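Some notes on the structure that comes next.
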Amino acid sequence: MRAVNRSSWPVWVGAGAAFAALMVWHRSPLLSYTPNFTTGYMLMGLVVFLAIYSGRKRLSMLPLGKASVWLTLHLAGGVLALALFWVHIEAIWPLGASERALAALFYGVCISGAVGYGLQLWLPGRLAHAGQEIIYERIPAELATIRAQVEKEILEAAKESGSDTFGREYLQTLAWYFARPRFFWSHVFGGQRAEHWLQRHLNTIGRYLTEAERTHLARIAELGVEKRRADVQYAMQALLKRWTIFHVPLAAAMLTLAVWHLILVHVFAR
Amino acid sequence: MISLTDRFRHDRSAYERPTLGWRCGRAAHWETPCKLGPSGLGICRGENACAPARAGDAWKCRRSAADGGPCANGPGKDGACGLHRPPCAPRRTFAMWRGRVSVLAVGATLALVALLAIWTDAASERLNSLDPGPLSAVHSHFIGASSCATCHTAFGSGATGWWQAFWSAKALAPASQPASGQDAQTPAAQPASAQAAAAPAAKPSGAAASHRLSAACTECHGFGGQEQRPHNRIFERRADLGPTDCLMCHTEHKGRVARVTTLSEAQCQSCHTKTIGDFARSHPDFPASFPYDHPQSTRFNHASHFGKHFTDAASAARVPAGGCIGCHVVGQEGRAIRPANFETTCASCHGESIAKRDFVFFRWPEIETSTIAADEVTKACGVSAEAQASAPATPAPAFSAVSSDQPTSLSAYLLGVPAEGAADYEKPVQDLARAMMSDGVEPLIAAVRDRVGGAKTERLFAGFNAEQARQAACAWAANQEYMPPGKDALSGWRADALDLRYTRPSHADPVVRAWIESVAALPPPADNDDKARLQVARKELLSADGPGQCMKCHVVSGPSEGPQTVSWQVQLRSSAAQTRFDHRPHLNLLGPEKTCTTCHQLGGGAASAATGGLKPIGLATCTECHAAGKVRDDCRTCHVYHQGHAFKKRMVQDAK
Amino acid sequence: MNVHAPTMVRPHRWDVPFDSVMTEADVDVLMSTPVVASVRAEEFPGHIPLRGILLNDSRIVSFQPGDIVCREGDYGNSAFLVLSGAVRVVLSPSLPRELLGRQEVHKKGFFGSLTQLWTNSRIPEVRDTERYHNILAQSRGASGAETHIFLQDVPAVLDQHRTVTLSIGQIFGELAALGRVPRSATVFAETETRLLEIRWQGLRELHRYDPGWKRLIDENYRRNALHGVLRTNPLFAGLSAEDLQAVADQVKFKTYGSFDWHVSYKEMRETGTAGEEPIIAAEGVVPDGVYLVRAGFARVSVRFGSAQRTLAYLGAGDQFGLDEIYESWKSGKPARRQNSLTGLGYVDVLRVPSHVLEKYVFPHLPAPPPPALPVDRPIHDDAFAEWLVDERLINGTQVMLIDLDRCVRCDDCVKACASTHGGNPRFIRHGRIFDQWMVANACMHCRDPVCMIGCPTGAIHRHETAGVVVINDDTCIGCGTCANSCPYNNIRLVEIANPTGDPIVDGDGRGIVKATKCDLCVEQLGGPACARACPHDALSRVNASTLVEHAATTVPAGAAP
């Protein structure tokens with residue numbers, strides 16, 4: 001696991017030590033009061049610290065330390081927060097509508113974070129060796145260029161052969177493939193559906209084409225492979241970006257509800 | 001595909017700007033985005049491919065190389081770009097979407113919280129954003145829209161109330177009336193508990209600070225002793241222990257089936273810092289004579305009875321049958337299994353010996369010189385034929401007293417005279433006799449009332465035969481022994497020869513008991529002679545061979561100079577009020593094979609006398625079953641926290 | 001099109017002269033001085049007349065005795081001609097740094113950095129055109145009186161340091177200006193001195209069009225370069241002054257490749273055909289001396305299969321070919337070169353002949369460690385280094401290297417870059433890839449910054465103290481010379497806009513462009529924001545030479561700045 005590498009072990013050891021200290025404290029006989037207030041405030045502080053990670057991204061002009069250290073702290077803090085959360089609520093699932101909502105959001109943030117980090121560990125290596133590296137924002141232009149070249153090939157083929165067989169077939173089947181990224185999840189999981197689809201359709205068309213048209217078909221097959229590479233980049237990069245659509249808004253809602261919880265606790269629970 | 005060189009060439013590959021909020025709508029449709037891109041406000045700016053430049057009279061296309069160089073159409077005659085494209089609808093970038101969704105999530109959360117906080121009708125209770133979870137079954141009858149306010153005073157108190165409540169745990173605490181009189185149902189209600197229940201504001205700050213929720217608990221729940229002291233009354237005087245409050249241990253809203261009173265070991269250990277992790281391994285051992293170490297308990301040596309007396313052939317017939325249960329009644333008792341009464345247990349052997357020990361209250365002593373003239377006696381007592389007959393006509397020239405005894409220790413104390421040396425006591429005794437001859441027993445009773453009995457004097461002389469006593473005085477004054485009318489008189493008060501005695505006392509005889517109690521309870525007199533005389537009297541009366549042999553079994557406690565108390569009842573262990581034990585589950589579980597002797601065994605060695613001849617029960621006896629992985633072994637199996645828990649009267653009244 | 005587009009006058013070379021105080025009268029005076037008078041003005045092309053160069057690319061600066069003219073280690077883009085008085089060049093030892101009054105890099109303060117949070121524009125490439133006008137007005141109106149740092153105790157300096165005097169008509173500073181290397185010595189005014197400071201662009205024109213200046217510059221250049229190299233090379237550390245002079249007298253000079261090597265290299269990159277690298281020393285021949293690289297890069301290679309296998313690459317200060325000569329001298333047996341040395345682009349080398357070494361150097365020299373060239377390693381281990389050399393990435397001192405196995409493509413680096421540059425990124429997160437290593441399109445702050453060649457206004461320059469190559473946006477005219485020069489396509493021209501987002505155009509309606517690139521956050525706190533902003537430690541700014549060393553000894557995983 002990359003976050004647990006040689007340089008970040010102090011953070012993880014620190015988090016473990018913090019949790020051990022917490023457990024010792026929590027079970028210690030020196031408490032003068034129910035520990036839930038204290039653990040609650042600790043948890044609130046920790047969650048706010050975790051949320052500040054997003055602020056660090058916006059304040060990159062300030063010398064606030066390396067973002068990689070922040071990420072390690074974010075990860076270790078997240079794991080610590082989950083442990084602290086369980087200590088705080090003394091259960092896995094609380095009672096009461098607002099607390100259940102809060103717990104649901106908290107778990108949502110945890111799960112989305114874990115999934116996101118899993119994606120970050122899993123996908124980059126595959127992206128790096130998936131052929132053409134393309135900046136995400138440039139994928140539409142890339143696809144458009146490929147499409148234009150495919151259509152140029154089709155037009156040339158039609159001009160040469162005087163037949164619209166190829167063109168019609170393109171519109172009916174291949175155009176679907178070249179229109180936009182396809183086989184999203186197959187690409188994410190490293191499946192072969194795109195290759196098979198393309199091969200099957202090109203073979204089907206090939207039967208009905210003249211020899212001259214087949215040279216264009218071969219060129220289109222190459223472009224199809226190029227397009228598939230772009231699709232692979234698109235699928236994985238999109239996933240690497242999109243998981244945050246769960247993590248960040250859930251965290252925002254969770255923080256909001258946590259503040260409400262804090263108010264309620266102060267007003268009612270003492 | 002974009003060629004490799006184009007991809008990197010500085011003039012074909014512009015900066016990507018992921019910080020922008022909008023992207024070209026064409027890119028969203030997987031078409032080539034225009035170079036210019038949307039404006040900061042998301043308005044399409046890419047309608048024209050270029051801004052043609054005037055070249056003389058004509059216009060020149062200036063589409064950049066990055067866009068594909070000059071276009072085929074070329075500019076129009078008016079200089080307008082020939083590649084006019086319909087404007088696109090720019091799309092928000094992903095980062096902007098995520099920001100909007102986040103804001104929306106916050107807004108929706110706030111809206112939902114506000115909506116569900118306001119919408120409080122009963123049907124929606126489970127969806128209320130204030131809902132902290134269901135109450136336990138015992139409290140679950142606090143229902144209804146305003147029921148929260150029963151405990152949570154901030155409920156419905158408006159923004160001001162919430163504001164106060166947020167910042168102070170004491171604000172809005174229920175203003176209880178002074179609770180004296182309302183705690184009538186609380187056993188051992190004491191002024192201290194009344195104080196504790198009083199409004200926190202009235203108390204000095206810090207001493208017993210009350211959170212408003214704890215104050216709400218004690219609206220209904222009362223305890224023996226102060227409510228906010230550890231263990232209520234047990235540590236009432238320990239100033240070093242800080243106040244406690246209910247919320248330290250009790251939580252609510254943990255579900256209907258949750259037990260509010262169920263506590264964890266950790267909660268005990270939060271104060272009891274000598275942590276007992278495991279009962280079997282780390283609980284301190286029980287006291288040396290546990291559980292037979294009640295100092296006021298009636299003396300009974302199980303070992304000698306079972307070992308010696310019960311096996312003696314002579315007494316075998318009188319031994320109660322059935323071993324332990326011959327004496328102990330195993331019924332529905334829980335904590336202690338008491339022996340049955342004296343008559344069914346001890347009387348068969350010990351009943352007779354009680355009757356043998358009379359209580360000699362007063363004895364007319366030997367004197368050297370009689371100052372009571374014969375005519376005085378005659379005048380005061382009248383002349384009985386008998387007496388006259390036996391009386392000598394003239395006093396003998398050398399006086400020889402009829403009594404050769406000293407006064408009893410009790411009478412010496414009563415009269416304030418020494419018990420030895422007739423010269424010292426003969427005058428007060430003869431004065432008494434003179435007074436009794438003329439006034440009956442009243443002077444004697446007055447002395448008793450004065451020095452012993454006080455208000456209880458009536459009980460001391462229950463069934464006292466005043467006339468007989470007077471006649472005994474007359475007889476002695478006449479230097480004769482009083483001869484009661486019937487020698488075989490029944491038990492009770494009687495005068496016999498020179499004595500005033502109480503004969504043939506039975507077990508639990510009220511008169512003997514009253515005398516023993518009264519004398520034991522006397523404080524040491526100020527006068528040293530009196531003190532010494534009382535000590536002698538006390539010693540005689542409270543000795544094992546004293547009247548009725550009471551003290552053979554019953555225990556007197558208190559300072560030897562008095563006042564002392566006598567424990568008549570069998571006392572079983574009660575010193576540790578915070579511990580509990582129930583025989584019932586043990587008897588049921590152990591079954592017929594396992595009798596009392598599983599735990600209670602004869603013997604006990606050196607401490608045998610203190611433990612009634614039983615082997616003390618040690619920790620090991622309990623841990624045989626109560627241990628981790630076996631039978632429950634947490635603190636609360638045996639220990640209780642609260643003392644004297646009861647509902648307050650007001651709560652019951654309110655309920656009506 | 002938008003007829004109300006904001007307009008400005010298209011900037012031209014010499015719009016911003018070197019010093020606006022220079023007047024035609026000054027030029028007249030200059031033209032009469034002997035050094036200038038000897039210049040053949042007729043050789044200059046019509047659009048770059050000599051007078052124009054003097055007026056716009058030079059200025060007259062006055063110094064009081066003790067004033068420091070330039071400091072050792074400075075990056076400077078100008079040379080000086082002594083008009084009157086005299087200056088002293090401090091040869092050795094160097095003056096202590098504090099005596100030179102080193103200026104700290106102007107960094108933003110914490111609050112200054114923070115203000116970027118709200119001052120950064122959401123509109124790309126916004127410029128305040130008022131600012132350009134103000135700058136132009138200021139520079140024209142500004143007086144020539146500059147503040148100088150002066151040496152407190154000149155006699156002590158003269159006493160403790162070896163110095164030489166330069167008097168009227170002599171030139172100095174041209175090494176740094178032309179060789180794009182740091183100033184090699186500190187120069188201070190000995191008497192009241194007037195100097196003609198010629199910026200590099202002007203110097204280049206003089207060098208190109210006037211044979212007299214060309215000879216003067218070349219002679220100075222070679223003499224001073226030699227001394228600089230010999231003094232700093234440990235090989236000659238044990239030599240007495242006389243011996244050193246003797247060595248210096250016999251050293252040979254040669255320059256390989258074209259001064260504008262990047263042009264042919266870029267063509268090669270685009271056409272894919274590699275030109276022949278000039279051979280400096282060939283493998284298998286009898287060694288004729290030790291080569292010392294003074295500027296540029298050279299490749300050490302050995303024949304492997306049908307091609308040359310790179311063993312190392314040499315940059316300024318490195319030497320080549322000592323071992324064989326030493327072995328030969330030691331054993332008395334003739335030796336042959338084991339490797340060959342070829343020029344990568346422009347290389348300036350000195351050759352110390354074998355007999356000179358044998359006479360002056362070897363007797364004092366402790367036996368050098370045996371050569372540790374890794375010929376036994378599998379070629380795959382060297383592939384990364386080979387690639388770096390092939391791509392000329394060895395030039396970079398701040399290569400943006402991204403580990404694609406770690407990079408999650410979050411663009412945090414680009415966003416961080418934008419946040420420190422007014423909302424505009426200054427690099428593109430793509431580039432050439434070797435295995436999982438991507439060298440992104442970000443300025444590498446090259447050792448040999450070819451981008452600076454040809455900038456007509458000097459807008460692109462080495463930062464005074466940090467040595468980072470930066471572009472002065474105020475003086476950039478958007479000609480694109482630097483962008484076209486950069487072999488790595490790391491400079492981009494952007495169309496600027498006013499704060500409302502409208503593109504700024506000239507009178508013809510054409511957009512005004514500015515050259516932009518990474519400035520290594522020279523004004524920011526905490527160094528390059530991109531490397532700091534990477535949550536996965538995937539991005540680092542590394543020096544290519546350490547990178548090659550790393551790559552040659554370990555797998556590239558050790559790449560670290």
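Naming convention: chains lettered A, B, ... in sequence-line order (proteins, then strands); numbering from 1 in each chain. Values in this document were obtained by computation on a predicted structure and should not be read as measured data.
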Turns out that what part of C/Tyr488 lies under 4.5 Å from chain B's heavy atoms comes down to neither
So which part of C/Thr516 gets closer than 4.5 Å to some heavy atom of chain B, the side chain, the backbone, both or neither?
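Answer is both: backbone and side chain atoms of C/Thr516 are under 4.5 Å from chain B.
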Minimum heavy-atom distance [X]-[Y], with the two atoms named:
X        : Y        : result
B/Glu16  : C/Val414 : O-CG1, 3.9 Å
B/Phe8   : C/Asn489 : O-CB, 3.3 Å
C/Gly423 : B/Arg17  : O-NH1, 4.4 Å

Is the count of non-hydrogen atoms from other residues, nucleotides or ligands lying under 6.0 Å from B/Arg85 atom CZ greater than 12?
yes
Contact winner vs chain B - C/Gly480, C/Ala418, C/Pro124, heavy-atom pairs under 4.5 Å:
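Highest number of pairs under 4.5 Å: C/Pro124.
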Tell me which of these, C/Val494, C/Asn484, C/Leu493, has more heavy-atom pairs under 4.5 Å with chain B than the rest.
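Of the options given, most contacts go to C/Asn484.
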Return the [atom1] to [atom2] distance between [X] and [Y], rounded to the nearest 0.5 Å.
X        : Y       : atom1 : atom2 : value
C/Ile428 : B/Ser13 : CD1   : OG    : 3.5 Å
C/Arg122 : B/Trp22 : CZ    : CH2   : 11.5 Å
C/Arg429 : B/Tyr15 : CZ    : OH    : 15.5 Å
C/Asn424 : B/Thr19 : CG    : OG1   : 7.5 Å

Does the side chain of B/His10 come under 3.5 Å of the side chain of C/Asn441 through a donor N or O and an acceptor N or O?
no
Is chain C contacted by the side chain of B/Ala14, its backbone, both, or neither, given a heavy-atom distance below 4.5 Å?
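For B/Ala14, backbone heavy atoms alone lie under 4.5 Å from chain C.
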